[in-house]
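One structure is given here, and the rest of the page talks about it.
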Amino acid sequence: MMEGRDDKGKFTEGNQISVGNEGGRPALFTEPALLEEKTLEYFEWCKGEFIIEHKVTSKTTGKGKTQVTTTESEPVQIWVRWPEKPSITGLAIYLGFESRQSLYDYLEKPEFSYYIKKALLHVENTYEKGLWDGKVVGPVFALKNMGWTDKSETKLTGDSDNPIEIKEQTKIIFTRGFGDSK
């Protein structure tokens with residue numbers, strides 16, 4: 001038996017780790033508004049960060065007394081931090097969770113459920129848009145893990161006087177993951 005734990009491995013009352021927090025880690029978010037603010041901040045962070053510098057160019061035309069030099073300043077966008085696509089894991093890390101499961105645990109808390117569902121829908125939307133980029137394996141994998149499915153159906157038709165005709169159809173069934181879609 002480990003020090004500070006009972007025979008089931010749970011922290012005993014009064015041990016150094018659980019003093020003041022009933023044996024568990026304090027919640028990262030106690031107010032829904034703070035969670036909403038942090039999720040919105042994550043999606044802004046995903047847009048990347050850049051600065052604008054001005055590229056100055058000089059051009060000289062002509063010779064002698066007709067020589068003219070013109071100087072132009074052109075704004076140039078320089079990325080300090082490149083944009084990245086939002087992801088469930090990225091959201092969990094940004095919010096300070098140690099796992100995706102902690103993010104999903106907040107779905108079970110009624111006061112936070114709306115904000116987590118909204119954030120996950122935003123991530124799902126990003127994956128869905130990725131279906132049109134040409135490289136669809138990653139987005140399809142992610143969407144299937146979010147509850148989307150595709151399936152093939154084989155339908156046999158015909159009657160006793162005619163041979164059986166086999167038609168194969170592939171359907172993409174759009175369903176939502178993460179519980180109900182209410």
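From a predicted model like this one, the values you see are computed outputs, not experimental measurements. For this chain, numbers begin at 1 and follow the sequence in order.
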Side chain to side chain contact (heavy atoms under 4.5 Å, CB included) partners of K65, counting only residues at least two apart: none
same_hphob_cluster(Y114, L35) at 4.5 Å side-chain heavy-atom cutoff: yes
Residues in side chain to side chain contact (heavy atoms under 4.5 Å, CB included) contact with V68, at least two apart in sequence or another chain: T61, T70
Side chain to side chain, E36 and L40, heavy atoms closer than 4.5 Å: yes
Contacts of N125 that satisfy side chain to side chain donor-acceptor pair (under 3.5 Å) - sequence neighbours left out: none
N/O donor-acceptor pair under 3.5 Å between Y106 side chain and F29 backbone: yes
Contacts of type ring pair (Phe, Tyr, Trp, His ring centres under 6.0 Å), residue F43, not counting sequence neighbours: H122
Spacing of NZ belonging to K118 relative to CD1 belonging to I116, to within rounding of 0.5 Å: 12.0 Å
same_hphob_cluster(L28, F112) at 4.5 Å side-chain heavy-atom cutoff: yes
Over all atoms of both residues, closest heavy-atom pair of K117 and L107: CG-CD2, 3.6 Å
N145 side chain reached by I88 side chain, heavy atoms, under 4.5 Å: no
L91 CG to R100 CZ distance, which is reported to the nearest 0.5 Å: 12.0 Å
Results of side chain to side chain contact (heavy atoms under 4.5 Å, CB included) for T71 - residues two or more places apart only: V56, S58
Non-neighbouring partners of T66 that pass side chain to side chain donor-acceptor pair (under 3.5 Å), sequence neighbours left out: none
Transitive ILVMFWY side-chain link V123 to V136, under 4.5 Å: yes
Heavy-atom side-chain contact between Y42 and L95 under 4.5 Å: no
Pairing residues for E111 by the side chain to side chain contact (heavy atoms under 4.5 Å, CB included) criterion, not counting sequence neighbours: P32, K109
For Y94, side chain to side chain donor-acceptor pair (under 3.5 Å) partners two or more places apart: E41
Linked hydrophobic residues, I93 as query - side chain contacts closer than 4.5 Å: none
Distance in Å, K144 NZ paired with T149 OG1, rounded so as to fall on 0.5 Å steps: 8.5 Å
Heavy-atom neighbours of Q101 CD exceed 12 at 6.0 Å: yes
Residue list, side chain to side chain donor-acceptor pair (under 3.5 Å) with S99, at least two apart or on another chain: S102
side-chain hydrogen bond (donor to acceptor under 3.5 Å, both in side chains) pairs, two or more places apart, involving residues 73-91: H54-S73
For I78, the rest of its hydrophobic cluster, which grows through side-chain links under 4.5 angstrom: I51, V76, V80
From Y115 atom OH to L34 atom CG, the distance as rounded to the nearest 0.5 Å: 10.5 Å
